[in-house]
Amino acid sequence: MSALIQQLNPEQRAAVTLPAENALILAGAGSGKTRVLTTRIAWLISTGQVTPAGILAVTFTNKAAKEMMARLSAQLPIPVRGMWIGTFHGLCNRFLRAHWREAGLPQTFQILDIQDQLASIKRLLKALNVDDERHPPKQVQWFINGAKDQGLRPGDVEARDPQSRQLAEIYLAYEAQCTRDGVADFAELLLRSYEILRDNAAIRSHYRQRFRHILVDEFQDTNRLQYQWLKQLAGPEDAQGACVFAVGDDDQSIYAFRGAHAGNMDDYQREFRVRHLIKLERNYRSHGHILDSANTLIANNARRLGKNLRTEAGAGEPVRVFEAPSDYAEAQWLIEEIRQLLREGLVHSEIAVLYRANALSRVIEGALFNAGLPYRVYGGLRFFERAEVKHALAYLRLLDNPQDDTAFLRVVNFPARGIGARTLEQLQDAARLRATPLSEAVDALGGRGAASLQAFLDLVAQMRFQTAAISLPELVRHVLEASGLNAHYREEREGQERLENLEELVNAAAAFVTQEGFGLQATAQQRQALGAAPDSFAATDGIDPATGETLSPLTAFLTHAALEAGDNQAQNGQDAIQMMTVHAAKGLEFDAVFITGLEEGLFPHENALSETDGVEEERRLMYVAITRARKRLYLSLAQTRMLHGQTRYNLRSRFFDELPAESLKWLSAKLPGFGGGFGADQHSSWSYTPKVSVPSFTPATSNAGSPSSTGFSPAGVRGASSSGARPHGLRIGQAVFHNKFGEGVVLSLEGNGEDTRAQVKFNRHGAKWLALNIAKLTPVN
DNA sequence: ACCTGGGTACTTTTT
DNA sequence: GTACCCAGGT
């Protein structure tokens with residue numbers, strides 16, 4: 001036990017060993033927050049204050065939950081799996097699977113991700129004949145999710161003007177549709193769980209008795225509904241409710257735009273009568289100048305709980321600042337600095353390039369590419385969000401839940417099986433008339449449409465027949481073949497990568513079955529080991545307490561796919577420079593960090609300036625960005641930047657005026673913002689290659705995509721196009737084929753022999769220029 | 001079924 | 001500038 005807390009600093013130890021009362025831990029960046037959280041759990045259990053079953057720990061991301069589990073199982077000699085540690089959504093899902101009757105959901109209800117939800121809304125708007133000019137689907141989605149995040153049902157929404165009244169009506173109809181489909185969107189998982197706790201006294205008191213300690217990570221990011229949910233679970237303080245251990249940092253609240261309400265921290269202190277407030281201000285991450293910068297900057301925010309980070313690491317290097325005349329120049333400077341860092345022995349993956357908005361990554365990506373530096377851009381589609389994977393999942397969903405119209409419509413005619421739009425319209429009309437799911441309305445139709453539809457239903461039924469007979473990965477493979485998905489992508493020219501992803505889905509299913517231990521499902525003894533009372537509701541995922549039955553592997557897998565969308569591309573775990581938005585960088589740290597595009601209108605972003613507290617949130621965002629850096633921090637801006645197809649002339653970000661001058665080292669002459677002329681380069685040691693235009697050409701084949709401008713200057717190419725014959729036989733302007741990205745056109749070649757790299761613009765589907773090894777390119781004749 | 005052209009929007013994003 | 005969506009043509 002003492003070993004647990006021995007290595008903690010005094011504040012951390014104080015937090016970990018607090019008595020069983022509500023507490024708020026203000027944990028600054030890099031102050032050992034996760035460590036405190038897990039050690040608190042380990043301490044509570046190992047001192048016998050609570051059994052593992054009496055713990056509920058909630059996070060926002062799967063990553064954080066996993067990390068917590070991993071650390072905990074290193075600290076405790078007990079199985080951590082069955083403990084209630086997870087994301088808000090994951091835990092609510094578990095809750096609803098156990099109480100599906102009370103929730104009014106089918107046991108095998110499916111979870112809609114944002115894409116599914118949008119599709120569902122589009123379908124609804126069509127059915128309701130709503131003018132989607134007046135109510136764009138995206139806006140409706142925003143409205144519904146916003147309402148749910150506040151804990152509001154259609155009846156609770158304030159509907160004063162006709163516009164919002166109609167939105168409330170759409171919301172109502174959307175709910176009905178979801179019920180009919182047997183699906184729940186993300187917010188619904190939370191809202192419905194909350195309502196059951198609120199309205200069902202038996203269940204409420206059960207859980208209140210069960211969970212003695214509730215621990216919340218990233219408390220500043222909770223929205224109103226999540227806060228209400230916590231309140232229901234914890235119960236009133238005077239009764240024998242749970243005690244709450246909330247960890248957060250108001251200075252790192254950067255998700256107000258999606259409903260996070262940092263004010264929950266104040267409310268929490270008041271409503272839960274928090275008497276223990278502990279600040280973790282000792283930072284173990286950053287050098288002095290970096291920390292000073294962060295502290296000085298954030299002091300400009302008015303509404304703070306107040307905190308000042310300190311370090312014992314020494315001042316370190318000053319923060320290097322560069323004002324470039326253009327975005328290209330900024331990127332070029334970045335390359336030089338990165339090269340220097342690499343010479344000093346840093347590995348690529350310890351260097352991060354951060355930006356406020358994804359659009360800013362382009363120019364930098366181009367420069368890194370031309371410089372031949374390996375990089376990885378975060379963001380974009382994740383594995384389970386890919387179209388082909390979603391198609392396969394839609395089939396699987398139909399096996400589990402034939403009512404799921406979203407899934408039905410997604411694959412009824414994919415791969416194409418001659419079911420046209422007219423037929424589907426008729427089917428939808430018939431289903432609406434009878435108030436049944438689409439699959440049950442098929443027999444109302446006649447003609448060839450009906451026959452094709454019936455064939456589709458038979459196909460699905462045939463697949464469903466296999467469900468009980470074969471293992472999950474076998475089932476997935478069977479579905480891929482029987483549905484014709486595999487065949488479809490085998491035919492398709494650019495289908496190779498998609499085929500690979502589908503194969504990967506089979507692997508994912510196999511891995512899931514192994515990991516979740518289906519077959520060796522948690523037994524009553526195992527539950528006992530966790531300290532769960534015998535009468536307890538679900539102790540483990542996959543157990544239906546009412547029947548004692550196990551949730552099918554299929555249902556569990558589909559849930560997993562919805563709740564955990566997977567990595568943004570596993571990508572060749574190669575050592576690479578990390579590129580991401582500041583938001584995406586939260587929770588990460590790097591030896592060297594570049595914060596780019598520090599211009600008024602960009603960072604702080606212009607859209608934020610008009611919002612209340614917008615600038616403060618931007619400042620917190622900057623604070624998060626700064627505190628990612630361990631040893632080196634670089635700030636840069638461009639006087640001229642191409643954005644939205646226009647050249648913008650930006651001023652220096654106001655944040656420069658809020659940083660401590662003594663910690664900054666300006667590399668370029670500090671000019672009075674734009675207007676001071678473009679002479680900055682004369683005062684600096686940096687240079688960059690001016691824009692080189694790609695020679696125009698005609699693609700070799702008709703469908704090679706439009707070889708228009710690529711959006712960045714291939715500055716580093718240095719006249720590669722003019723050199724003579726090349727062993728690989730490729731030339732500029734030639735159409736090429738590469739399995740992964742389909743057909744494209746060579747824009748430039750660099751280097752010679754084995755080192756040769758091609759820059760290729762791919763057509764619509766690839767839509768990217770990429771660093772590609774020549775060996776992987778096949779010329780198209 | 002597939003392609004093309006026009007129109008449009010476009011900050012951040014996890015579950 | 002460009003990416004994505006949808007409508008309409010082949």
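Note on naming: letters A, B, ... go to the chains in the order of the sequence lines (proteins, then strands), and numbering restarts at 1 for each one.
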Whole-Å distance separating the [atom1] atom of [X] from the [atom2] atom of [N]:
X: A:K138; N: C:dC6; atom1: NZ; atom2: P; answer: 9 Å
X: A:Y378; N: B:dT14; atom1: OH; atom2: P; answer: 13 Å
X: A:E618; N: B:dT11; atom1: CD; atom2: C1'; answer: 8 Å
X: A:Q115; N: C:dC4; atom1: CD; atom2: C1'; answer: 13 Å
X: A:R641; N: C:dG1; atom1: CZ; atom2: P; answer: 16 Å
X: A:M580; N: B:dT14; atom1: CE; atom2: P; answer: 12 Å
X: A:D221; N: B:dT15; atom1: CG; atom2: C1'; answer: 13 Å
X: A:F60; N: B:dT15; atom1: CZ; atom2: C1'; answer: 10 Å

Is A:Y255 stacked on the base of B:dT13 when the test is centres under 5.5 angstrom and planes under 30 degrees?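 It does not: the ring fails the test against the base of B:dT13.
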Hey, is A:H89 doing a stacking thing with B:dT15, by the 5.5 Å centroid and 30° angle criteria?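 No, A:H89 does not stack on the base of B:dT15.
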For A:H605, give me all partners under side chain to side chain donor-acceptor pair (under 3.5 Å), at least two apart in sequence or on another chain.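 Applying side chain to side chain donor-acceptor pair (under 3.5 Å) to A:H605 gives none.
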Which residues satisfy the side chain to side chain donor-acceptor pair (under 3.5 Å) test with A:R619, sequence neighbours excluded? A:N301, A:E658
Measure from the side chain of [X], starting at C-beta and using heavy atoms only, and say which of [options] lies closest.
X: A:T87; options: B:dT13, B:dA1, B:dT15; answer: B:dT15
X: A:H605; options: B:dT11, B:dT15, B:dA1; answer: B:dT11
X: A:E611; options: B:dT11, B:dT15, B:dA1; answer: B:dT11
X: A:R258; options: C:dG1, B:dT12, B:dT13; answer: B:dT13
X: A:L563; options: B:dT13, B:dT11, B:dT15; answer: B:dT15
X: A:H583; options: B:dC10, B:dT12, B:dA1; answer: B:dT12
X: A:F257; options: B:dT13, B:dA1, C:dA3; answer: B:dT13

Using a heavy-atom cut-off of under 4.0 Å over every strand shown, decide if A:L621 touches base, sugar-phosphate, or nothing.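 It contacts nothing in the nucleic acid.
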Would you classify A:E188 as touching base, sugar-phosphate or nothing, given that sugar-phosphate means primed atoms plus P, OP1 and OP2, and contacts are heavy atoms under 4.0 Å?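 Nothing, no nucleic acid heavy atom in range.
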Can you see if the side chain of [X] gets near the phosphate of [N] - specifically, an N or O under 4.0 Å from OP1 or OP2?
X: A:N62; N: B:dT14; result: no
X: A:K122; N: C:dC6; result: yes
X: A:N358; N: B:dT13; result: yes

Rounded to the nearest 0.5 Å, what separation is found between the OH atom of A:Y227 and the OG1 atom of A:T222? 8.5 Å
Closest non-hydrogen atom pair between A:T627 and A:A294, with its separation: CG2-CB, 3.6 Å
Could you measure between the two P atoms, the one in C:dC4 and the one in B:dT13, and give it in whole Å?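 Nearest-Å result for C:dC4 against B:dT13 at atom P: 16 Å.
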Tell me if the centroids of the rings in A:F414 and A:H488 come within less than 6.0 Å of each other. yes
Fit a plane to each ring of A:F557 and A:H560, take the angle between them on a 0 to 90° scale, and name the class: parallel (under 30°), tilted (30 to 60°) or perpendicular (over 60°). parallel
